[in-house]
*Asks:* 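What follows is a structure written as structure tokens; I'll ask about it next.
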Amino acid sequence: MRISHNRPDVRQADKDAVAAVLASGWIAQGARVAALEAAFVSMNGGGGACAVSSGTAALFLALHGLGIGAGAAVAVPSYSCSALLNAVNMAGARPVPVDVRSDDFTIDPASVESLAPDAAAVVAVHTFGASASVEDLKSSGRTVIEDCCQSLGGPQGLVGDAAVYSFYATKIVTGGQGGLVWDKTQKVAEAARDYREFDCRETYEPRFNFQMTDIQAAMIESQFGRLDEIRARRRTIRARYLEAAEPLMTAGWRLQDGFNEASHLPYRFVLLAPDSNARDAMKSRLECSKVASIVPIERFELLHRYLGVDPGRYPVSEMLADCALSVPLYPGLSDEEVDLVCDALRLAA
Ligand SMILES: *Cc1c(COP(=O)(O)O)cnc(C)c1O
């Protein structure tokens, strides 16, 4: 059997939680959504949380709530996803792609200074679970939104002006779709809540139906309850892969940095090939061993390419698009499957 690159880990407890909502007679936004928000406030030690329909909606609402709109430039890491462009454009602001660092793949503060000197805000993506330098980015006086869509359960999210999360099917915990915005002052969360509650308001202002259902919230909450277990399992699998990838390291390959602290939750295990030919050959060899792997971000997906900006200013993003390969890393992998991936990595070296 082929090992897929991703697979949601849906347990009996998750099904029971969803079944309870279905039986309750209330399936739209309600008590489960409120409970999920309370769980995030508790995880982050206070502040305010507002659950919404997607991570993209959460990012839009964070920008909107922080007053980043028409006329503002927003620095975004080019090595990320088009959702960032969509959210910034939806807020009426102007996305400015900047380059990332080659060691941990996160946004490069020096590139923000050189390519987006006028940016009022920065979206700091904690890429594949590694921590962006939020303190550095904040020290420039800019508004910083922490994109925790790939780092839920890690040490991130507490330093920026707001944090956003996604519960899409391939993320760390999922309800199929979903998102959440959190901030320490509660101001951003309250603004998001006002925007989300579009119905039966006494006065009219532009708002939008960004609501999450209790069906989704119950599933997310159930998975969220075993976050420690998810983190531990992912770290165990990563440790096994590190061993198996050792021979590749002597052959010019390397790995993404940034997972040294026990609190880090590895979202992906990304191998970096010496060049694109070696990467593509590895992908084929893993496929022969029935292990699926993906190019996490293809060259055409780089945000500067979507916006038609000179690729020469983004050497690291271009290199990562050419050389990065992601292998299956999720808690639903059985021990046998982890062994198979390890064997495939050794065989392919
Ligand atoms: C998934 C993701 C998003 C968007 O979240 P959706 O729930 O799919 O809208 C934004 N940023 C990052 C880094 C993501 O991984």
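When a ligand or atom number is given, it counts from 1 through the structure's own listing order.
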*Asks:* Counting only heavy atoms, tell me which of Gly55, Ser53, Cys149 gets closest to atom 3 (C) of ligand 1.
*Replies:*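 Result: the heavy atom closest to atom 3 (C) of ligand 1 is in Cys149.
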
*Asks:* Check this for me: Met319, atom CE, are more than 12 non-hydrogen atoms of other residues, nucleotides or ligands nearer than 6.0 Å?
*Replies:*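 Yes - once you tally the heavy atoms of other residues, nucleotides and ligands closer than 6.0 Å, there are more than 12.
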
*Asks:* Does a side-chain N-to-carboxylate-O contact under 4.0 Å join Arg313 and Glu318?
*Replies:*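 No, Arg313 and Glu318 are not salt-bridged.
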
*Asks:* Hey, is Asp335 close enough to Arg233 for a salt bridge, meaning N to O under 4.0 Å?
*Replies:*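 The answer is yes: the pair qualifies as a salt bridge.
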
*Asks:* Does ligand 1 have an atom that lies less than 4.0 angstrom from a heavy atom of Ala57?
*Replies:*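 Ala57 does not count as a contact of ligand 1 under the 4.0 Å cut-off.
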
*Asks:* Using a 6.0 Å cut-off, check whether atom CD1 of Ile27 has over 12 heavy atoms from anything other than its own residue.
*Replies:*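 Counting other residues, nucleotides and ligands, CD1 of Ile27 stays at 12 neighbours or fewer.
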
*Asks:* Will you find, in the side chains of Gln29 and Arg196, an N or O donor that is under 3.5 Å from an N or O acceptor?
*Replies:*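 Judged by distance alone, the side chains do pair up.
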
*Asks:* How close does the nearest protein non-hydrogen atom get to atom 2 (C) of ligand 1, and which residue and atom is it?
*Replies:*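 Atom 2 (C) of ligand 1 sits closest to the protein heavy atom Lys171 NZ, 2.5 Å.
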
*Asks:* Taking only heavy atoms of Val125 into account, list the atoms of ligand 1 that are under 4.0 Å away from them.
*Replies:*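 In order of numbering, the contacting atoms are 13 (C).
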
*Asks:* What residue and atom, counting heavy atoms only, is the protein's closest point to atom 11 (N) of ligand 1, and at what distance?
*Replies:*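 Looking at atom 11 (N) of ligand 1, the protein heavy atom closest to it is Asp147 OD2, 2.7 Å.
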
*Asks:* May I ask you to decide whether Glu37 forms a salt bridge with Arg193, counting only side-chain N to carboxylate O separations under 4.0 Å?
*Replies:*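 Looking at Arg193 together with Glu37, the answer is yes, because their closest N to O distance falls below 4.0 Å.
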
*Asks:* Any idea which protein heavy atom is nearest atom 9 (O) of ligand 1, and the distance to it?
*Replies:*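 It is Thr56 OG1, 2.5 Å.
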
*Asks:* Got a salt bridge between Arg201 and Asp194, using NZ or NE/NH1/NH2 to carboxylate O under 4.0 Å?
*Replies:*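 So Arg201 pairs with Asp194 through a salt bridge.
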
*Asks:* With only distance considered, is Tyr168 within less than 3.5 Å of ligand 1 through an N or O on each side?
*Replies:*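 N/O-N/O distance under 3.5 Å: no.
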
*Asks:* State if Leu84 counts as touching ligand 1 under the rule of any non-hydrogen atom under 4.0 Å.
*Replies:*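 Yes; Leu84 lies near enough to ligand 1 that a heavy-atom distance drops under 4.0 Å.
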
*Asks:* Go through ligand 1 atom by atom and flag the ones less than 4.0 Å from a non-hydrogen atom of Ser54.
*Replies:*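 Atoms satisfying the 4.0 Å criterion: 7 (O), 9 (O).
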
*Asks:* List ligand 1 atoms under 4.0 Å from Gly178, heavy atoms only on the residue side.
*Replies:*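 In order of numbering, the contacting atoms are 7 (O).
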
